[in-house]
There are 2 protein chains.
Amino acid sequence: MNGPNDNPYAHLERIFHEPGRLTIMTNLLGAPDGMTFTELKTACNLTDGNLSRHLKVLEEAKAVTAKKRFVKNRPQTTIFLSQEGRADFMAYLQALETVLLDAAAKAAADKPKKRAHVSLFSHLARA
Amino acid sequence: MNGPNDNPYAHLERIFHEPGRLTIMTNLLGAPDGMTFTELKTACNLTDGNLSRHLKVLEEAKAVTAKKRFVKNRPQTTIFLSQEGRADFMAYLQALETVLLDAAAKAAADKPKKRAHVSLFSHLARA
DNA sequence: ATAAAGCACTTTGCAATGCAAAGTAAAAAG
DNA sequence: CTTTTTACTTTGCATTGCAAAGTGCTTTAT
């Protein structure tokens with residue numbers, strides 16, 4: 001859908017490929033009940049400004065949703081992975097896996113060894 | 001060496017993380033005798049200008065070396081992976097693997113299943 | 001002979017964006 | 001009531017990915 005070529009590198013969507021956002025998405029993947037801004041900030045080791053900017057990008061791409069409310073008279077933003085975001089991210093991870101296996105195969109070509117690996121994501125992905 | 005934190009995301013070196021350069025490095029990994037500019041261009045599905053720019057970056061980082069000569073009265077640049085480049089790239093791939101396994105673990109947390117995977121790169125890496 | 005086209009790149013220019021620093025707003029502390 | 005803290009958002013700059021144009025040489029028409 002992105003171009004005429006069908007190589008996995010074309011599927012490395014920039015939106016998830018950025019390390020900061022990769023971390024955010026991965027953390028959210030393990031948090032079905034969402035994570036607060038502050039939780040994410042510490043979990044991802046990001047500065048306030050950075051996290052804010054990345055979240056805006058992810059929200060605009062509809063990968064995450066934010067719920068803002070007040071807790072103890074303080075603002076609290078909780079971030080959730082959207083269904084669409086989860087599916088897209090899983091697709092990205094599958095592309096990453098392909099890239100990685102590709103590199104592994106090439107790296108192993110010199111020194112022949114049994115190719116022992118397993119698909120990490122295929123069995124988890126669902127539209 | 002890059003900061004106070006020791007998480008794998010910090011080791012996703014930008015120089016290799018860029019999709020175009022990831023492709024270049026992976027292709028070179030499988031080509032111990034180097035690849036010509038034109039070979040790389042088609043293999044990586046990059047435009048002339050893009051390839052040139054990425055190669056300059058990789059050269060400046062001493063990840064690859066270029067040998068220019070004339071073949072049949074035409075210029076021919078052959079690109080080789082440097083020893084340093086190979087080592088650094090393998091380290092990057094290991095970091096990527098960690099990130100991927102991390103995501104796999106989080107994705108699998110919801111739906112428990114046997115965690116069947118194998119280290120893709122650890123056994124290949126060497127300083 | 002000379003114009004046009006091709007090859008193998010390199011350079012330029014701009015638009016996007018990651019990141020740091022500064023800004024905002026409200027509450028808690030001193 | 002001033003300062004600090006919390007929870008963010010906005011601004012600005014410096015980088016850089018990418019497309020388009022440029023360079024220099026050769027080969028192929030005309």
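Quick note: numbers below take in every heavy atom, side chains included, and nothing from hydrogens, waters or symmetry partners.
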Fill in: Sub-4.0 Å heavy-atom contacts from residues 54-67 of chain A onto DNA chain D, ordered by number
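Residues of residues 54-67 of chain A that come under 4.0 Å of DNA chain D are, in numerical order, A:K56.
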Worksheet item: Would you say a side-chain N or O of B:R14 is under 4.0 Å from OP1 or OP2 of C:dC19?
Response: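 Looking at the OP1 and OP2 atoms of C:dC19, one of them is under 4.0 Å from a side-chain N or O of B:R14.
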Worksheet item: Which two nucleotides bound the region of DNA chain D that has atoms under 4.0 Å from heavy atoms of chain A, read 5' to 3'?
Response: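 Nucleotide range in contact with chain A: D:dT6 to D:dC18.
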Discussion item. Check whether A:R21 reaches the backbone of A:I15 with its side chain - one donor and one acceptor, N or O, closer than 3.5 Å.
Written reply: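 Side chain of A:R21 to backbone of A:I15: a pair is present.
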Worksheet item: Is the backbone N or O of B:C44 less than 3.5 Å from a side-chain atom of B:T23, with the two atoms forming a donor-acceptor pair by type?
Response: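 A pair under 3.5 Å: no.
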Fill in: Most 5' of A:K72 and A:T47 on DNA chain C, judged by nearest nucleotide
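Here A:T47 is the residue nearer the 5' end.
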I need the [atom1]-[atom2] distance between [X] and [N], as an integer number of Å.
| X | N | atom1 | atom2 | answer |
| --- | --- | --- | --- | --- |
| B:N50 | C:dG13 | CG | C1' | 14 Å |
| B:R53 | C:dT10 | CZ | C1' | 11 Å |
| A:L46 | C:dC19 | CG | P | 8 Å |

Item to complete: Identify whether any heavy atom of A:N73 sits under 4.0 Å from a base atom; if not, whether one sits that close to sugar-phosphate; answer base, sugar-phosphate or nothing.
Response: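 It contacts sugar-phosphate atoms only.
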Quick one, [X] and [Y] - any side-chain contact, counting heavy atoms below 4.5 Å?
| X | Y | result |
| --- | --- | --- |
| B:F70 | B:Q76 | no |
| A:T78 | A:E39 | no |
| A:F37 | A:I79 | no |

Response to the item:
The contact string for nucleotides 1-9 of chain C, one letter per nucleotide 5' to 3', using protein heavy atoms under 4.0 Å with B, S and - for base, sugar-phosphate only and none, comes out as -----BBSB
Practice prompt. Using the six-membered ring wherever Trp is involved, compare the ring planes of A:Y92 and A:H17 and label them parallel, tilted or perpendicular (cut-offs 30° and 60°).
Written response: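 Correct class here is perpendicular.
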Practice prompt. Any chance you could lay out the side chain to side chain contact (heavy atoms under 4.5 Å, CB included) test for A:K67 and A:T77, step after step, and finish with the verdict?
Written response: CA-CA 6 Å; A:K67 259 164 202 153; A:T77 308; over 6 Å; no
Discussion item. Determine whether A:T98 and A:Q94 satisfy the following criterion, side chain to side chain contact (heavy atoms under 4.5 Å, CB included), listing intermediate values before the conclusion.
Written reply: CA-CA 6 Å; A:T98 303; A:Q94 274 192 77; 5.5 Å; no
Worksheet item: Rounded to the nearest 0.5 Å, how far apart are CG of B:L93 and CG of B:L29?
Response: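 Separation between the atoms: 7.0 Å.
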Fill in: Cluster link A:L55 to A:F80, ILVMFWY, side chain under 4.5 Å
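Shared cluster, no.
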Worksheet item: Does a side-chain N-to-carboxylate-O contact under 4.0 Å join B:R14 and A:E18?
Response: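 A:E18 and B:R14: salt-bridged.
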